[in-house]
Each structure stands twice: as C-alpha cells, then as structure tokens.
Protein chains: 2
Amino acid sequence: MVSPKKTPRPLSADAMALIARRFAVLSEPMRLRLLHALFAGEKSVNELVGLTGGTQTNVSRHLQTLTQAHMLTRRKEGLQVFYAISDPSIFQLCELVCGSLEKQFSRQADVFARQGG
Amino acid sequence: MVSPKKTPRPLSADAMALIARRFAVLSEPMRLRLLHALFAGEKSVNELVGLTGGTQTNVSRHLQTLTQAHMLTRRKEGLQVFYAISDPSIFQLCELVCGSLEKQFSRQADVFARQGG
DNA sequence: GCGTTATATGCATATATGCTCATATAAACA
DNA sequence: TGTTTATATGAGCATATATGCATATAACGC
C-alpha cells in the first residue's frame with residue numbers, strides 16, 4: 001500500500017534493540033492504564049492503585065519499569081511517592097497508535113457494512 | 001518534568017489493550033529489523049532472510065505476526081511472497097521513539113561529561 | 001506424474017514477563 | 001521505642017512468546 005519512502009535514518013542492531021525495549025515497556029495494558037491516568041498530571045501510588053484497580057504490588061512494579069525506562073519521574077514527599085510523565089513523546093506515541101487503530105477499524109467497519117448491505 | 005496537558009482522549013480498557021497489543025508487535029528486535037528492511041520498499045521472504053540474518057522459519061513467523069497486525073501487506077507472485085509496509089504510521093512511530101531515545105542519551109552523555117569535567 | 005524451490009506450520013523447548021503472597025523498608029507520629 | 005501508613009521487593013508460579021527442527025504446502029519446470 002505504501003510506496004518506498006525516504007528511509008528515516010540508518011539504524012544499528014543495537015539501536016533497534018533499544019527501540020524494541022521502549023515499545024515493550026509500552027506493550028502492557030496496566031502500564032498504559034498508568035500512563036493514561038498520569039496524562040492529567042502527577043499522582044501518588046495509592047491514587048494510581050485506585051484509578052487503575054490494580055494491586056499495590058503490581059502498580060508499584062510497573063511504575064518502577066516505567067521509571068527505569070525514563071518515561072516517569074519519581075518524587076518522594078513524606079510517606080507518599082508521586083509519579084509523573086517525564087517524556088512528552090509518550091503523548092504523541094499514544095495518539096499515533098490510536099489514530100492508526102481507528103483507521104484500521106473504520107476500514108473493517110466499512111467492509112462489514114458492504115457485506116451486510 | 002511535564003505539566004498536565006490536555007488529555008488526548010478518553011480510552012476504554014479495551015482500547016488500551018489494543019494499543020498495548022500494537023506496541024507489543026513492535027517490541028521484538030527481529031520484527032523491527034524486518035520493518036527497517038522494508039522501509040526501502042517491498043521485499044520477498046528470502047530477501048528479508050538475507051538482510052536480517054534470521055532463519056527462514058523465524059522470518060516467516062514474524063512476517064505473519066506483522067501482517068496479522070495490519071502493518072504489512074502480503075502479495076504472492078509465483079513461488080515468492082512479497083511483503084510491504086502497509087501502515088505509514090510505522091515510520092512516524094519509529095521516528096518518534098528514535099528521537100526520544102536520542103534526547104535521553106544526549107542528556108545522559110551530558111551528565112557523564114559534567115561528572116568527567 | 002516427479003523433483004525443485006519458496007514459504008508456511010506443528011511441535012518441543014527455552015526464556016522472559018506478569019502476577020501474587022508475604023515481607024522489607026521508610027517515614028510519620030505517639 | 002513501638003505503631004501505623006505508604007511504598008518497594010524477594011520468591012514462586014503461571015503464562016506467553018521466540019526460536020529451531022522437521023515437515024507440510026504450493027507453484028514451477030521437466
């Protein structure tokens with residue numbers, strides 16, 4: 001469907017592994033739910049547990065993964081720890097994927113409509 | 001680091017799972033290598049085996065995964081099967097992630113430079 | 001039909017990853 | 001000091017997924 005475009009840039013195998021890792025971090029529903037909850041701004045772990053419906057253990061683990069991937073920042077204040085999105089490209093990434101999925105589904109809906117009608 | 005932005009759009013748990021799945025497809029180095037090889041245009045399975053250094057079995061499997069995710073199209077011509085990128089957003093996704101990683105590493109390089117100097 | 005080439009797939013296995021339970025750390029407070 | 005609250009982590013289990021070997025399918029030429 002897509003004709004040859006200008007290759008964005010050359011990518012080493014190592015670079016490719018890093019990119020893959022980044023996508024992997026974004027490939028878990030619970031982590032996406034956490035990011036989504038953080039779209040509105042900084043939240044404590046307990047708030048995120050409430051918002052996502054996950055267990056405290058699991059939420060904490062995923063927050064660690066996101067932080068190690070440099071997608072979140074961690075700020076401790078008394079007993080609480082607050083997390084916030086630190087990488088603005090996360091927003092764009094999700095937008096891009098959402099848009100692509102919407103197109104895909106609207107095409108599929110189109111096919112069903114044609115079959116049905 | 002990032003102040004509350006306008007929330008891009010509300011996302012159901014189902015939508016989130018679909019987005020996660022899409023990121024998961026992009027989270028394997030071999031699949032990224034295949035996509036990268038296809039940036040220049042349509043290629044046969046054998047060509048991709050040569051370009052990526054993978055086994056025929058493995059390349060075929062990953063091509064299937066990418067095709068089922070609607071990222072590639074499949075065209076059979078005689079004995080050969082040609083694959084091509086069908087979703088232009090793949091280019092943008094990789095660009096975004098590359099850019100984000102570059103920023104991250106230049107910041108880290110900065111820190112090292114400050115420590116060293 | 002038979003053989004050859006290109007691609008796909010069933011099965012087995014290894015590795016990674018997510019999840020939970022129980023427990024550890026860490027801060028606040030009495 | 002001991003207690004409570006908020007968060008993190010070690011260990012074990014379950015599941016997913018990537019990979020390779022052998023083999024199946026499919027198209028072509030003889």
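Within every chain, numbering begins at 1; the chains are lettered A, B, ... in the order of the sequence lines, protein sequences first and strands thereafter.
- Checking each of B/Thr65, B/Val49, B/Ile85, B/Val59 against B/Leu34 for a side-chain contact (heavy atoms from CB on, under 4.5 Å) leaves exactly one that passes, namely B/Val59.
- Screening B/Leu93, B/Val25, B/Ile90 against B/Leu35 for a side-chain contact (heavy atoms from CB on, under 4.5 Å) leaves a single residue, B/Ile90.
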Legend entry - Per-nucleotide protein contact string for nucleotides 16-22 of chain C (B base, S sugar-phosphate only, - none; heavy atom under 4.0 Å): -SSSBBB
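- For the OP1/OP2 pair of D/dT7 and a distance below 4.0 Å, the side-chain nitrogens and oxygens of A/Asn46 include at least one atom meeting the criterion.
- Atom pair A/Lys43:NZ and D/dT7:C1' shows a separation of 18 Å (rounding to whole Å applied).
- The side-chain contact (heavy atoms from CB on, under 4.5 Å) test with B/Asp87 is passed by exactly one of B/Gln92, B/Arg22, B/His70: B/Arg22.
- Taking atom CZ on A/Phe82 and atom P on D/dA8, their separation rounds to 12 Å, with Å as the unit.
- Checking side-chain atoms of A/Ser60 against main-chain N and O of A/Gln56 turns up no donor-acceptor pair under 3.5 Å.
- The side chain of A/Tyr83 contributes an N or O atom lying less than 4.0 Å from OP1 or OP2 of D/dA8.
- Residue B/Leu63 contributes atom CG, which lies 12 Å from atom P of D/dT19 at whole-angstrom precision.
- Side chain of A/Ser100 to main chain of A/Val97: no donor-acceptor pair is present (N/O by atom type, distance under 3.5 Å, no hydrogens or angles).
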Inset, instruction - Using a 4.0 Å cut-off on protein heavy atoms (strictly under), produce a 5'-to-3' string for nucleotides 25-30 of chain C with B for base contact, S for backbone-only sugar-phosphate contact, and - for none. - result: -BBS--
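- Here the C1' atom of nucleotide D/dT5 and the CD atom of A/Glu47 are 15 Å apart, to the nearest Å.
- With a 4.5 Å cut-off on side-chain heavy atoms, B/Leu26 and B/Arg31 do not count as touching.
- Nucleotide C/dT7 holds its C1' atom 8 Å from the CZ atom of B/Arg74, rounded to whole Å.
- Between the side chain of B/Glu47 and the backbone N or O of B/Ser44, at least one donor-acceptor pair lies under 3.5 Å.
- No side-chain donor-acceptor contact under 3.5 Å links B/Arg33 to the backbone of A/Met16.
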